[in-house]
Amino acid sequence: MTMYWKVDAKWPDLQIIRRAGFTLLRGGLVAFPTETVYGLGANAMDGEAVSCIFAAKGRPVDNPLIVHLEDMHKVDTVAAGISPLATALMQKFWPGPLTLVLPGTGVLPGEVTAGLDTVAVRVPNHAVALGLIKAAGVPVAAPSANTSGSPSPTTAGHVLADLDGKIDAVLDGGPAGVGVESTVLDVTGKIPVILRPGGVTPSQIKAIAGAVELDPAVMVSTVHEADRPRSPGMKYRHYAPGAPLVLVEGDEDKTGGMLAEIATDYAHSGRRVGVLAVTEDINLNGNVQLLKLGCKSDPGTLAANLYSALRDFDRRGVDVIVAEGISTQGLGLAVMNRLRRAADRIIVV
Ligand code: TXA
Ligand code: MG
């Protein structure tokens with residue numbers, strides 16, 4: 001049975017947090033809110049507990065996990081050879097949605113790192129997550145708390161929809177704010193490389209690091225187009241709802257029109273269509289359900305609403321989702337990365 005614990009996002013009940021910490025310490029799995037998405041935590045020092053994460057999610061074991069710490073001063077317990085640049089990034093962005101890939105120390109079990117000699121680390125910016133890590137007294141390995149391949153959870157309800165009965169407990173601290181996962185940044189080389197775009201934007205990193213590169217695998221839709229992704233997680237179809245997703249992207253003035261055309265065609269062929277749009281005044285007819293994700297000029301809102309919109313369409317039982325692309329400026333890069341990886345078909349206008 002999965003325990004459900006409701007807590008205040010800012011001032012969580014200490015007794016509940018201690019109980020959740022104890023559950024982790026004795027090898028259990030606890031889902032918890034972070035500022036990005038909900039995570040599924042296990043004691044990172046306990047290989048057996050960590051392997052339960054993979055079983056609960058159905059996650060491929062060659063995809064390593066992020067280790068969550070309570071503050072940056074703990075980083076040398078799991079990583080070594082931390083460069084001045086890495087330290088500067090930690091000082092600027094932690095606690096926050098930036099994960100750093102650092103040289104490992106070998107102290108973590110192979111289940112966490114998938115046998116790599118690097119380790120991904122972050123300090124989340126959420127009182128419940130930080131309280132839990134502190135209460136457990138150990139580093140906490142945590143992927144997003146969803147079934148592998150489906151959209152990440154931004155509420156405790158999403159977590160339970162995927163994992164009820166498979167995990168020990170979920171801490172409900174309300175909806176996650178950012179809505180997309182942390183930026184995964186490899187800082188083992190001279191120039192930092194973004195392996196997964198997320199809550200911290202390339203220009204924010206550039207302002208500290210001077211330069212930043214994007215892994216070429218970031219903006220392609222499937223592994224077939226990518227040449228050897230450096231982040232193991234990038235090679236799987238990901239963030240995908242149950243219904244197939246068609247992404248319409250390209251010229252901002254044309255995506256709305258093309259979206260309407262495709263959605264109407266699907267509807268006329270008898271399918272239930274979900275439309276995820278950012279353009280105002282889309283002209284739709286037939287059996288079409290429209291969700292406005294937000295304004296194109298506000299990628300923060302689009303990111304916050306993306307996963308729950310995809311899950312919403314699944315609940316409504318649509319046969320196909322047609323989604324409108326947005327600019328890759330700012331947080332738009334993370335949103336477009338997720339949409340492209342979720343897409344079965346991409347139409348460029
Ligand atoms: O916002 C987040 O990052 C959330 C919350 C819960 O913290 N966590 C999350 O974890 O998104 P997950 O497991 O869904 O994604 C972790 C990503 C994967 O793409 C994985 O391949 C990559 O980080 N990763 C982990 N360790 C790595 C390493 N040593 N080198 C390269 N990539 C690594
Ligand atoms: Mg994930």
Side-chain angles (χ1 to χ4, degrees), residues 33-39 66 89 92-100 120 122-126 129 144 146 151-155 158 174-186 192-209 211-221 231 233-234 238-241 245 247-250 252 255-256 276-280 291-312 321 323-343 346:
T34 80
E35 80 281 32
T36 57
V37 299
Y38 273 68
I66 296 172
L89 290 164
K92 174 72 184 171
F93 296 110
W94 284 2
L98 179 68
T99 294
L100 296 176
R122 88 177 188 101
V123 177
N125 187 15
H126 197 291
S144 48
N146 52 293
S152 297
T154 54
T155 67
H158 296 163
V178 178
V180 292
E181 298 87 341
S182 63
T183 302
V184 178
L185 187 70
D186 183 340
V193 182
I194 294 174
L195 304 181
R196 176 182 73 181
V200 172
T201 64
S203 60
Q204 287 176 302
I205 295 168
K206 202 168 169 208
I208 302 297
V212 63
E213 284 172 3
L214 255 193
D215 186 87
V218 162
M219 288 322 276
V220 296
S221 58
S231 185
M234 298 302 284
H238 229 114
Y239 317 110
L245 188 145
L247 174 62
V248 181
E249 62 167 275
E252 256 193 47
T255 50
L276 210 56
V278 293
T279 296
E280 303 285 340
L291 283 184
K292 276 279 320 238
L293 211 48
C295 310
K296 15 181 143 175
S297 56
D298 179 13
T301 304
L302 304 179
N305 294 335
L306 175 66
Y307 289 140
S308 94
L310 294 177
R311 281 177 179 265
D312 220 34
I321 298 170
E324 184 175 7
I326 59 164
S327 147
T328 54
Q329 287 301 304
L331 271 178
L333 182 67
V335 172
M336 282 306 286
N337 167 263
R338 305 308 189 266
L339 280 174
R340 286 182 185 164
R341 301 193 78 76
I346 299 177

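In what follows, residues are counted from 1 in the order of the sequence shown.
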Quiz prompt | side chain to side chain contact (heavy atoms under 4.5 Å, CB included) evaluation trace for Val184 with Ile194 | solution = CA-CA 6 Å; Val184 178; Ile194 294 174; over 6 Å; no
Exam field: side chain [X] to backbone [Y], donor-acceptor pair closer than 3.5 Å:
X: Thr328; Y: Leu333; answer: no
X: Asn305; Y: Leu293; answer: yes
X: Glu35; Y: His126; answer: no

Minimum heavy-atom distance [X]-[Y], with the two atoms named:
X: Val218; Y: Leu195; answer: CG2-O, 3.6 Å
X: Pro192; Y: Ala209; answer: CG-CB, 3.7 Å
X: Ala129; Y: Pro124; answer: CB-CG, 3.8 Å
X: Gly179; Y: Val37; answer: O-CG1, 3.8 Å
X: Leu245; Y: Ala342; answer: CB-O, 4.0 Å
X: Leu276; Y: Ala309; answer: CD1-CB, 3.6 Å

Just how far is it from atom [atom1] of [X] to atom [atom2] of [Y], taken to the nearest 0.5 Å?
X: Glu324; Y: Lys292; atom1: CD; atom2: NZ; value: 8.5 Å
X: Trp94; Y: Thr99; atom1: CH2; atom2: OG1; value: 8.0 Å
X: Thr154; Y: Tyr38; atom1: OG1; atom2: OH; value: 8.5 Å
X: Asn337; Y: Leu331; atom1: CG; atom2: CG; value: 12.0 Å
X: Leu339; Y: Ile326; atom1: CG; atom2: CD1; value: 7.5 Å
X: Thr255; Y: Glu249; atom1: OG1; atom2: CD; value: 9.5 Å

Quiz item: Does NZ in Lys92 sit with more than 12 non-hydrogen atoms of other residues, nucleotides or ligands closer than 6.0 Å?
Solution: no
Self-check item: Steps toward side chain to side chain contact (heavy atoms under 4.5 Å, CB included) verdict (Arg338, Leu306)
Solution: CA-CA 9 Å; Arg338 305 308 189 266; Leu306 175 66; 3.9 Å; yes
Answer whether the closest heavy-atom distance between the side chains of [X] and [Y] falls below 4.5 Å.
X: His158; Y: Ser308; value: yes
X: Leu185; Y: Ile205; value: yes
X: Pro153; Y: Asn146; value: yes

Classify the side-chain pair [X]/[Y] by whether it contains a donor and acceptor separated by less than 3.5 Å.
X: Arg196; Y: Ser182; answer: yes
X: Glu181; Y: Ser152; answer: yes
X: Ser327; Y: Glu252; answer: no
X: Arg122; Y: Thr36; answer: yes

Quiz item: Is there a side chain to side chain contact (heavy atoms under 4.5 Å, CB included) between Leu98 and Leu100 once you walk through the steps?
Solution: CA-CA 6 Å; Leu98 179 68; Leu100 296 176; 3.7 Å; yes
Self-check item: Verdict with reasoning, Thr201 to Thr183, per side chain to side chain contact (heavy atoms under 4.5 Å, CB included)
Solution: CA-CA 8 Å; Thr201 64; Thr183 302; over 6 Å; no
Exercise. Report the residues that fulfil side chain to side chain contact (heavy atoms under 4.5 Å, CB included) with Ala304, sequence neighbours left out, ordered by chain and then residue number.
Key: none
